[in-house]
Engineer: 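Pasting a structure here, questions to come.
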Amino acid sequence: TQSTWGFPEKFTEIKKMEEGKKIEVIPSQSDTDSTFVFYDEDHTLGNALRYMLMKNEQVAFAGYAIPHPSERKMNLRVQALIEKDVEPQTATALLRDAIGSVHDTCEHILSVFEKATQDFEESQMNNS
């Protein structure tokens, strides 16, 4: 929507954030490509998801953008690879896989960190 001055209204974005809506899907002509809008997210999540998506051989394209530093949203574009005689995955399924991979990676990093912290504290106790 446009304001009376011709500028896009930001109230809809603020309302979506207030309603707790974190992700919005921008419709496309096919379910094999979609744009996802993540509210209140930045480069941290965008780059991690893009990286995990591009590791998937069934992804043809994945990219993200922060439209403007003052906007609290991140746009992520996902396109599935379409091959002859192979049923492509949906963009949503590919994104779910990438989110799962990011989650698993974070869990692994946390467990390694906690183990290293515990080992360090034990070694400090033994040296005292």
Side-chain angles (χ1 to χ4, degrees):
T1 61
Q2 297 284 326
S3 68
T4 54
W5 297 98
F7 297 110
E9 292 287 350
K10 301 293 182 200
F11 299 114
T12 56
E13 292 174 19
I14 293 169
K15 184 176 181 191
K16 288 174 184 168
M17 284 189 284
E18 288 173 352
E19 292 172 354
K21 189 172 193 177
K22 286 292 282 184
I23 303 174
E24 179 181 8
V25 181
I26 306 297
S28 65
Q29 294 178 355
S30 169
D31 61 351
T32 59
D33 62 284
S34 294
T35 299
F36 302 90
V37 180
F38 289 77
Y39 292 95
D40 204 23
E41 294 297 342
D42 59 17
H43 294 284
T44 305
L45 182 63
N47 196 39
L49 288 174
R50 183 203 56 79
Y51 176 79
M52 291 300 184
L53 282 161
M54 290 309 299
K55 284 180 62 173
N56 187 334
E57 294 177 355
Q58 296 183 3
V59 174
F61 175 81
Y64 80 95
I66 306 295
H68 191 276
S70 67
E71 292 184 271
R72 296 173 50 183
K73 69 178 183 177
M74 181 260 303
N75 297 330
L76 178 70
R77 178 80 177 156
V78 180
Q79 291 178 323
L81 184 64
I82 299 175
E83 296 180 300
K84 186 177 179 181
D85 301 327
V86 177
E87 183 68 28
Q89 286 195 18
T90 66
T92 302
L94 293 168
L95 178 58
R96 285 181 197 269
D97 290 347
I99 290 171
S101 296
V102 169
H103 179 267
D104 294 346
T105 301
C106 290
E107 289 291 321
H108 174 72
I109 291 169
L110 180 61
S111 68
V112 169
F113 174 77
E114 288 174 343
K115 173 82 170 90
T117 302
Q118 181 182 1
D119 291 348
F120 175 77
E121 290 172 351
E122 288 174 1
S123 71
Q124 293 299 310
M125 299 275 279
N126 293 336
N127 290 339
S128 298

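Basis for what follows: all heavy atoms, side chains included, without hydrogens, waters or symmetry-related copies. Remember, it's a predicted structure, so these values are computed and weren't measured experimentally.
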Engineer: For Glu57, does the CD atom have more than 12 heavy-atom neighbours from other residues, nucleotides or ligands under 6.0 Å away?
Structural biologist: no
Engineer: Nearest 0.5 Å, what's the CD1-CD distance between Ile82 and Glu87?
Structural biologist: 9.5 Å
Engineer: How close do Ala93 and Gln89 get, heavy atom to heavy atom, and via which atoms?
Structural biologist: CB-OE1, 3.9 Å
Engineer: Looking at CG of Asp85 and CD of Glu83, how far apart are the two atoms once the value is rounded to the nearest 0.5 Å?
Structural biologist: 10.0 Å
Engineer: Can you tell me how far CZ of Phe120 sits from NZ of Lys115, rounded to the nearest 0.5 angstrom?
Structural biologist: 14.0 Å
Engineer: Quick check for you: to the nearest 0.5 Å, what is the distance between Ser34 atom OG and Leu95 atom CG?
Structural biologist: 9.0 Å
Engineer: Consider only side-chain heavy atoms of I, L, V, M, F, W and Y, link residues closer than 4.5 Å, and tell whether Phe61 and Phe36 are in one cluster.
Structural biologist: no
Engineer: For Glu114 and Gln118, test the side chains for any donor-to-acceptor distance below 3.5 angstrom and give the result as yes or no.
Structural biologist: no
Engineer: Indicate the atoms forming the closest heavy-atom contact of Met52 with Val102, along with that distance.
Structural biologist: CG-CG2, 3.6 Å
Engineer: List the atom of Ala65, the atom of Pro67, and the distance in Å for their closest heavy-atom pair.
Structural biologist: O-CD, 3.6 Å
Engineer: So which heavy atom on Glu41 is nearest to which on Ile66, and how close?
Structural biologist: O-CD1, 4.4 Å
Engineer: Got Leu53 and Leu76 here, is their nearest side-chain heavy-atom distance under 4.5 Å?
Structural biologist: yes
Engineer: About how many Å separate CD of Gln79 and OG1 of Thr32, when rounded to the nearest 0.5 Å?
Structural biologist: 8.0 Å
Engineer: Under a 3.5 Å distance rule, please check whether Asn47 uses its side chain to pair with a backbone N or O of His43 as donor and acceptor.
Structural biologist: no
Engineer: So which atom in Ile23 and which in Phe38 form the shortest heavy-atom distance, rounded to 0.1 Å?
Structural biologist: CD1-CE2, 3.5 Å
Engineer: Considering all heavy atoms of both residues, which atom of Val78 and which atom of Ala91 are nearest to each other, and what is their separation?
Structural biologist: O-CB, 3.9 Å
Engineer: Distance-only, no hydrogens or angles: does the Lys22 side chain make a donor-acceptor pair with backbone N or O of Tyr39 under 3.5 Å?
Structural biologist: yes
Engineer: Please tell me whether Thr92 and Thr90 have a donor and an acceptor in their side chains that are separated by less than 3.5 angstrom.
Structural biologist: no
Engineer: Begin from the C-alpha positions of Val59 and Met54 and carry the test side chain to side chain contact (heavy atoms under 4.5 Å, CB included) through to its verdict.
Structural biologist: CA-CA 6 Å; Val59 174; Met54 290 309 299; 4.1 Å; yes
Engineer: In Å, rounded to the nearest 0.5 Å, how long is the span from CG of Leu45 to CD1 of Ile99?
Structural biologist: 7.5 Å
Engineer: Check whether any side-chain heavy atom of Gln58 lies under 4.5 Å from a side-chain heavy atom of Asp97, and answer yes or no.
Structural biologist: no
